[in-house]
Amino acid sequence: MKFIVSSSYLLKKLQVFGGVINSNNTMPILDNFLFELSTNSLTISASDLETTVRGTLEVESDSQGSIAVSAKLLIDILKTFSEQPLTFLVKENNVIEISSTTGNYTLAYLDGEEFPRPVALPEASKVTMLGDVLATAVQKTIFAAGNDDLRPTMSGILFQFSENGLTFVGTDAHKLVKYERLDIKANDAADFIMPKKPLNILKGILAGSETEVTVEYNESNAKFSFDDMEFICRLIDGKYPNYDAVIPKENPNKLILNRSQFYSSINRLSLFSNKTTHQVRLKVAGSSLVISAEDIDYSNKGEERFTCNYQGDDLEIGFNSKFLKEMINNLDSDEILIEMSLPNRAGLITPVDGLDEGEKVLMLAMPIMLNTNQ
C-alpha cells in the first residue's frame, strides 16, 4: 500500500477532520484517522462516535488498503514540512514510512478494520441548500445555545424543516434566536436537534461557500454532504422546548436604534455594571433614551442619553449587557428594532434592514428585574 500526496493539501484536510476528534477518547482507535486507499483516491475518516466526518482526496496511487494513523502525531509532522510531495509506504510490522525530499520517517499504524463504521441513513428525508445559507443559519443561532449538561436539548440547535421554509433556533432560556429561510422548502416536515460540535466545524468550512449542501435526516442521525466530504451526526435525543410560547405576541412599545451606536454604548456601560448580573437599564420616554449601569459595591456608575425613534408608553427595563452585546454583534443591519411590552416581559430584537429576500431573524432577551433602590 503506497501513495503520494502534497504535504500542504493533506495537512489542510486533516486539520478540518481533526476538529471532530476528542482529546480523551474512550476507544483508543478514535485517536486515529482512518485512511482507505483505492486507485488515485484516499478517503479519510475521523470520528468521536457521535460525529463521523469523511472526505476523499486525490492522490497518486495504484494500490488499495486501509490503516489507522495517529491523528495528533501526523498533523504535528505535516506542520513541519514546506510544500512538497510526500510518499507514504505501508510496511510490515505495522509501520508506515513517510519519505520527504530530505528524509525518511517511520511511525506505527493500527488495523483499519478496528475503526468504527459510520451509520447508514435508511429512508432519510432530504433538503438542499447553499453552503453559505447553512453557515449563516448556524452562525446566527449557535451562540445562543446553552452549555448545561442537565438540559441537553438546549445545548444544540433546533432544525425545523417544512414546506413553508426552514427554521433554526438556539436558546439557553436567557436568550433565544430564531432564524428563518422562507425561500428554501422541504418536502417532508421534520424537526431535529443538532449538536454544536459538528455545526461549528461545518460553519467554518462553509462560510461564504456557493457549494450545494445536501442534508439527509431521519429520527436519529443527520448527514451533510458537499464537494467530496460528508458529516454524519447523531442527533440530540429529546423534545425541544416550546420556544414559540415564550415569544411575546403583543409588543406595543417599539424602539428603533442605530445598531453600531447602541452596541458601543452597551459595551462601554457594561464596564460599570454589576459583575454578577451585568445589568444595564434602558429608560425610554418620548424621544429620549437613557442607558445606565451601576455597581453599588464599587461605586461605579455610567449613564448615556440619546435622542431616539420611539413609539409607546414610558418604560424602564433591565437587560444582561453580555447577552445584548452578543445578539447585537450577530446582526448585520444598520438599524435594529427593539419591541417591548412590560419590564418583566422579554424584549424582541430584529434587524430593520440588511436581510436577504426570504431571510428573517428574531432575537429574544429575557429582562433582569430592576432594583428600585438604585
Side-chain angles (χ1 to χ4, degrees), residues 136 139-145 169-180 246-248 250-295 300-356 359-371 374:
T136 302
Q139 182 217 319
K140 295 288 184 202
T141 53
I142 202 163
F143 76 92
V169 182
T171 185
D172 62 359
H174 300 290
K175 57 186 181 292
L176 179 148
V177 180
K178 178 183 178 184
Y179 179 83
E180 296 176 273
V246 301
I247 300 174
E250 297 295 322
N251 303 287
N253 303 311
K254 301 183 189 301
L255 174 64
I256 294 177
L257 295 167
N258 177 282
R259 186 184 67 86
S260 57
Q261 184 185 39
F262 185 52
Y263 178 84
S264 296
S265 181
I266 296 292
N267 190 36
R268 199 161 34 246
L269 289 167
S270 67
L271 301 172
F272 298 90
S273 67
N274 180 284
K275 296 302 172 275
T276 305
T277 64
H278 305 285
Q279 186 191 84
V280 291
R281 59 171 66 199
L282 277 57
K283 186 175 183 178
V284 61
S287 61
S288 169
L289 168 65
V290 177
I291 308 174
S292 61
E294 185 172 11
D295 188 347
N300 296 335
K301 188 175 182 180
E303 181 180 289
E304 297 189 8
R305 189 179 297 270
F306 301 94
T307 302
C308 64
N309 179 346
Y310 181 64
Q311 293 178 328
D313 300 328
D314 294 358
L315 181 70
E316 190 167 4
I317 189 169
F319 290 111
N320 182 314
S321 60
K322 209 166 136 195
F323 297 157
L324 273 187
K325 285 197 299 180
E326 280 183 313
M327 288 190 267
I328 301 162
N329 201 34
N330 233 279
L331 294 170
D332 304 314
S333 59
D334 292 327
E335 291 190 320
I336 56 172
L337 168 66
I338 303 178
E339 297 177 83
M340 300 164 286
S341 55
L342 297 165
N344 62 349
R345 300 289 302 277
L348 302 183
I349 303 172
T350 51
V352 174
D353 52 77
L355 292 176
D356 292 340
E359 185 180 28
K360 288 174 74 175
V361 185
L362 180 145
M363 299 185 171
L364 176 149
M366 295 303 290
I368 300 176
M369 291 304 290
L370 294 168
N371 183 345
Q374 284 183 238

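Everything numeric in this text was worked out from a predicted model, so none of it was measured.
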ask   = Can any side-chain N or O of Arg259 pair as donor or acceptor with the backbone N or O of Ile328 at less than 3.5 Å?
value = yes
key: Minimum-distance pair of heavy atoms, taken over all atoms of Arg345 and Pro248   = NH2-CB, 3.5 Å
ask   = Under 3.5 Å, side chain of Ser321 to main-chain N/O of His278, donor-acceptor pair present?
value = yes
Nearest-0.5 Å distance that lies between atom CG in Leu348 and atom CG in Asn251 = 4.5 Å
ask   = Looking at CD1 of Ile266 and CD of Glu326, how far apart are the two atoms once the value is rounded to the nearest 0.5 Å?
value = 13.5 Å
key: Minimal non-hydrogen separation, Thr277 against Ile368, with atom names   = O-CD1, 3.4 Å
message = Looking at every non-hydrogen atom in both residues, tell me the closest pair between Ala346 and Met366 and how far apart they are.
response = CB-SD, 3.8 Å
request  = Give a yes or no answer on whether the side chain of Ser264 reaches the backbone of Ser260 with a donor-acceptor pair at less than 3.5 Å.
outcome  = yes
task = Mind checking the CZ-CD spacing from Arg268 to Glu304? Nearest 0.5 Å is all I need.
result = 4.0 Å
query = Just how far is it from atom CG of Leu255 to atom CZ of Phe306, taken to the nearest 0.5 Å?
reply = 10.5 Å
ask   = Under 6.0 Å from the six-membered ring centre of Tyr179 and within 45° of its axis: does the NZ or CZ of Lys140 meet both?
value = no
task = Using a 4.5 Å cut-off on heavy atoms from C-beta on, say whether the side chain of Phe143 contacts that of Asn329.
result = no
note = When rounded to the nearest 0.5 Å, the distance separating CG of Leu324 from CG of Asn267 is 11.5 Å
message = Between Leu289 and Leu257, is there a side-chain heavy-atom distance shorter than 4.5 Å?
response = yes
ask   = How about Ser288 and Arg305: do any of their side-chain heavy atoms sit closer than 4.5 Å?
value = yes
ask   = Do the side chains of Asn330 and Val177 get nearer than 4.5 Å, heavy atoms only?
value = no
ask   = Any sub-3.5 Å donor-acceptor pair from Asp334's side-chain atoms to Gly354's backbone N or O?
value = no
ask   = Could you state the interatomic distance from OG1 (Thr171) to NZ (Lys178), rounded to the nearest 0.5 Å?
value = 12.5 Å
inquiry  = With a 4.5 Å cut-off on side-chain heavy atoms, are Gln279 and Leu370 touching?
reply    = yes
note = Heavy-atom nearest pair, Val352 first then Leu337, reads CG2-N, 3.7 Å
request  = Count the heavy atoms of every other residue, nucleotide or ligand shown that sit under 6.0 Å from NZ of Lys322, and state whether that count exceeds 12.
outcome  = no
remark   = Of all heavy-atom pairs linking Ile247 and Leu364, the shortest is CA-CD1, 3.8 Å
ask   = Is the closest side-chain heavy-atom distance between His174 and Asn320 below 4.5 Å?
value = no
inquiry  = For the backbone of Glu359 and the side chain of Asp356, can you confirm whether one donor and one acceptor N or O come within less than 3.5 Å of each other?
reply    = no
Among Glu316, Lys283, Arg281, side chain to side chain contact (heavy atoms under 4.5 Å, CB included) partner for Ser292 = Arg281
ask   = Between Ser341 and Leu315, which heavy-atom pair has the shortest distance, and what is it?
value = O-CD1, 4.2 Å
request  = Answer yes or no: does atom NZ of Lys254 have more than 12 heavy-atom neighbours from other residues, nucleotides or ligands under 6.0 Å?
outcome  = yes
query = Taking it one step at a time, do Glu335 and Asn309 satisfy side chain to side chain contact (heavy atoms under 4.5 Å, CB included)?
reply = CA-CA 11 Å; Glu335 291 190 320; Asn309 179 346; over 6 Å; no
inquiry  = Just so I know, are the side chains of Phe262 and Leu282 near enough to count as touching, which here means a heavy-atom distance under 4.5 Å?
reply    = yes
message = Are the side chains of Asn253 and Asp313 in contact, using a 4.5 Å heavy-atom criterion?
response = yes
